[in-house]
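Notes to accompany the following structure.
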Amino acid sequence: MNGVPPKPTLTDALSSQAPGIQWPAVVGARDAAVLSLLFQMESTQWLSGEALREQQDRQLGALIDHARRYCPFYRARFRNDLARWHEIPLLTRADLQTQSNGLRATACPRAHGKTFDIATGGSTAEPVTVRRTALTQLFWQAATLRDHLWHRRDLSATMAIIRQFPEPVDETKPGRWGGILGSGPAWHLPISTDVEAQLGWLQGVCPDILLTYPANLDALLTHMHQAGITRSRLREVRTVSGTVTPALRERCQQVLGVPLTDLYSAQEVGVIALQCPDGGLLHVQSEHVLVEVLDVQGQPCREGEIGQVVVTDLHNFAMPLIRYALRDWAEVGPACPCGRGLPTLRRVVGRTRNLAVSPEGKPFWPVLETRRMLEAIPQLRQYQFEQTAVDAITARLVCVPAPIPEQLQQLQATLEQMLGHAYRWTWQLRDTPLPLSAGGKFEEFISSIHDTGKKE
């Protein structure tokens, strides 16, 4: 015995609802449902890809039957059976905006619980509202709990969460981060907080785990590097709602000395993929969502190919989302060496509006390395690039002090080397942070060329 207390286990973190019963815990009905799903998922993750798809098809049949019967939008849409699945038209954000009444089911099984609406999509200027059920939230909770268990998180750890919140938060009073589990404190800070203020807050909270958006993490790393700040107690950085590049993972390890764990989700459908604790790939959560990655012809991409992400929520009977085009793009991954049969994504590369175009009109994914840009302008605090024409990009830079012309010339050469093309550059310099989107997020590269939106 070395005197170090053991990490809390799953059973230690459960609260018993039966008077006088401390261990093993007798949990309430909702928590029991989540644990039941998790118990099944511990088994299904080892099924082969073919066996997983067979189970998904069983559920798809029930979902489509329900959609045909209770959703006017789908009555004329589904003339094909599952054998001709790829002939079913994709569901778009425009459909959700203009056909919401027809997409909402006129009846929903009572056992699926209460319905509620979520609004999302402000960052793309295409807001949509989706109706979900209490049942769909059980799957979201089960996937989140799976993530904690996969990565063997210390449930007594302190977590700092910097993101957008649906309701105002008290920065001085912590909550809990373990979901149905008891956990250490979770401190919350709105993403709209200035980055320097975020750093001061983090120093006061002193977390074991930091959860934030990738773009915000990049800004934090830049400030930490410039100020020589380290997080000696930090064990892990978790990211959600954004694109994680290999360069960001490398910077996280260099500056903070801790790994980065990503989670891919969407408000419309919940958790889509979790990072494998062994192989590092993103495992699709096949127990509740069917994910397709399609090329520009609408055909399934093969391993190593990049295509648009199309999802089907297998259990939302209040507003079925069947073959829904998220406007995200991802690279199909290989079979994971961990042995799990869950399909993989190697990476999520961005949204359609983050797609760059060469001066010749060919689309490509821009790869921007902060480290190389800092070599050109060490005082660079934040950046955003907007492609306004096939041969023109506007660069918005937050620098204190402002860069000299020679630094801008060096940055331009670095950017054109990374992008692989020469452009006409417009420089917009400022000393205050760039504004966030309506969704509380920040995008490093935006294309305002209308043609890029046609690549769905």
Quick check: do R131 and F116 have side-chain heavy atoms less than 4.5 Å from each other? no
In Å, rounded to the nearest 0.5 Å, how long is the span from CD of E305 to CD of E331? 9.5 Å
Taking the side chain as every heavy atom from C-beta outward, state whether Q285 and F139 have any pair of such atoms under 4.5 Å apart. no
Checking Q308 against R327: is there a side-chain donor and acceptor pair closer than 3.5 Å? no
Donor-acceptor pair, side chain of T344 and main chain of P334, under 3.5 angstrom: yes
Examine the side chains of Q254 and R251 and answer whether a donor and an acceptor come within less than 3.5 Å of each other. no
Is the closest side-chain heavy-atom distance between L96 and L91 below 4.5 Å? yes
Can you list the steps and then say if E196 with H223 is a side-chain contact (heavy atoms from CB on, under 4.5 Å)? CA-CA 7 Å; E196 291 187 4; H223 279 66; 3.6 Å; yes
Going by atom types only, do Y324 and R93 share a side-chain donor-acceptor pair under 3.5 Å? yes
Taking it one step at a time, do L260 and V244 satisfy side-chain contact (heavy atoms from CB on, under 4.5 Å)? CA-CA 9 Å; L260 188 159; V244 173; 3.9 Å; yes
Report yes or no: does S36 contribute a side-chain atom to a donor-acceptor pair with the main-chain N or O of A32 at less than 3.5 Å? no
How close do P337 and G279 get, counting heavy atoms only, and between which atoms? CG-CA, 4.4 Å
Please report the interatomic distance OG1(T193) to CD(E171), rounded to the nearest 0.5 Å. 5.5 Å
Give, for atom CZ of R110 and atom OG1 of T133, the distance between the pair rounded to the nearest 0.5 Å. 15.0 Å
Just wondering, do L181 and L145 contact through their side chains at under 4.5 Å, heavy atoms? yes
Verify the distance criterion only: is there a donor paired with an acceptor across the side chains of Q382 and R430 at less than 3.5 Å? no
Heavy-atom check, side chain of R53 versus side chain of L290, under 4.5 Å: yes
Scanning both residues in full, the closest heavy-atom pair of P320 with L103 reads CD-O, 3.6 Å
Can you list the steps and then say if D262 with T239 is a side-chain hydrogen bond (donor to acceptor under 3.5 Å, both in side chains)? CA-CA 5 Å; D262 192 27; T239 53; 2.9 Å; yes
For H283 and L342, indicate whether the former's side chain and the latter's backbone hold a donor-acceptor pair under 3.5 Å. yes
Given side-chain hydrogen bond (donor to acceptor under 3.5 Å, both in side chains), test Y383 with D218 step by step and report yes or no. CA-CA 10 Å; Y383 56 85; D218 192 45; 3.1 Å; yes
Are W140 and R132 close enough, and set up right, to give a side-chain contact (heavy atoms from CB on, under 4.5 Å), and what steps lead you there? CA-CA 11 Å; W140 196 324; R132 291 174 60 81; 3.9 Å; yes
When you check the side-chain N and O atoms of S448 and E386, is any donor under 3.5 Å from an acceptor? yes
Using side-chain heavy atoms (C-beta onward) and a distance below 4.5 Å, is V348 in contact with W329? no
Report yes or no: do T261 and E236 form a side-chain donor-acceptor pair below 3.5 Å? yes
CG-OG1 distance between L248 and T245, expressed to the nearest 0.5 angstrom: 5.0 Å
Among H151, Q141, M41, the one residue meeting side-chain contact (heavy atoms from CB on, under 4.5 Å) with R146: M41
Identify the two heavy atoms, one from A330 and one from V293, that lie closest to each other, and give their separation to 0.1 Å. O-CG1, 3.6 Å
With no hydrogens and no angle check, is any side-chain donor or acceptor of H66 less than 3.5 Å from a backbone partner on F317? yes
Less than 4.5 Å apart, any side-chain heavy atom of M159 and any of D208? no
Neighbour count >12 (heavy atoms, 6.0 Å) for atom NE2, H225: no
Say whether, by atom type as modelled, one donor and one acceptor occur between the side chain of T212 and the main chain of I162 under 3.5 angstrom. yes
Going by distance alone, is a donor N or O of one side chain under 3.5 Å from an acceptor N or O of the other, for S447 and Q387? no
Which heavy-atom pair separates T172 from W187 by the least distance, and what is that distance? O-CZ3, 3.2 Å
No-hydrogen, no-angle side-chain donor-acceptor test under 3.5 Å, D328 and Y264: yes
Would you please say whether a donor-acceptor pair under 3.5 Å links the side chains of N316 and T136? no
Distance-only, no hydrogens or angles: does the Q59 side chain make a donor-acceptor pair with backbone N or O of L314 under 3.5 Å? yes
Between R347 and L282, the two heavy atoms sitting closest are CA-CD1, 4.4 Å
Give, for atom CG of L274 and atom CG of D147, the distance between the pair rounded to the nearest 0.5 Å. 4.5 Å
Are the side chain of H288 and the backbone N or O of S286 linked by a donor-acceptor pair below 3.5 Å? no
Does CZ belonging to R30 count more than 12 external heavy atoms closer than 6.0 Å? yes
side-chain contact (heavy atoms from CB on, under 4.5 Å) between L35 and I180: does it pass, once the steps are laid out? CA-CA 9 Å; L35 292 173; I180 72 170; 3.9 Å; yes
Between the main-chain N or O of S183 and the side-chain N or O of R176, is there a donor-acceptor pair closer than 3.5 Å? yes
Heavy-atom check, side chain of E444 versus side chain of F385, under 4.5 Å: no
Shortest non-hydrogen contact from P174 to P185? CB-CB, 3.7 Å
Please round to the nearest 0.5 Å and tell me the distance separating atom CZ of F73 and atom CZ of R104. 13.0 Å
Taking Q45 for the side chain and E42 for the main chain, is one N or O donor matched with an acceptor at less than 3.5 Å? yes
Hey, does the side chain of S156 reach the backbone of G184 with a donor-acceptor pair shorter than 3.5 angstrom? no
Determine, for W150 and R340, whether the Lys NZ or Arg CZ falls below 6.0 Å from the six-membered ring centre while staying within 45 degrees of the axis. yes
Assess, by modelled atom type and distance only, whether the side chains of Q226 and R381 contain a donor and an acceptor separated by less than 3.5 Å. yes
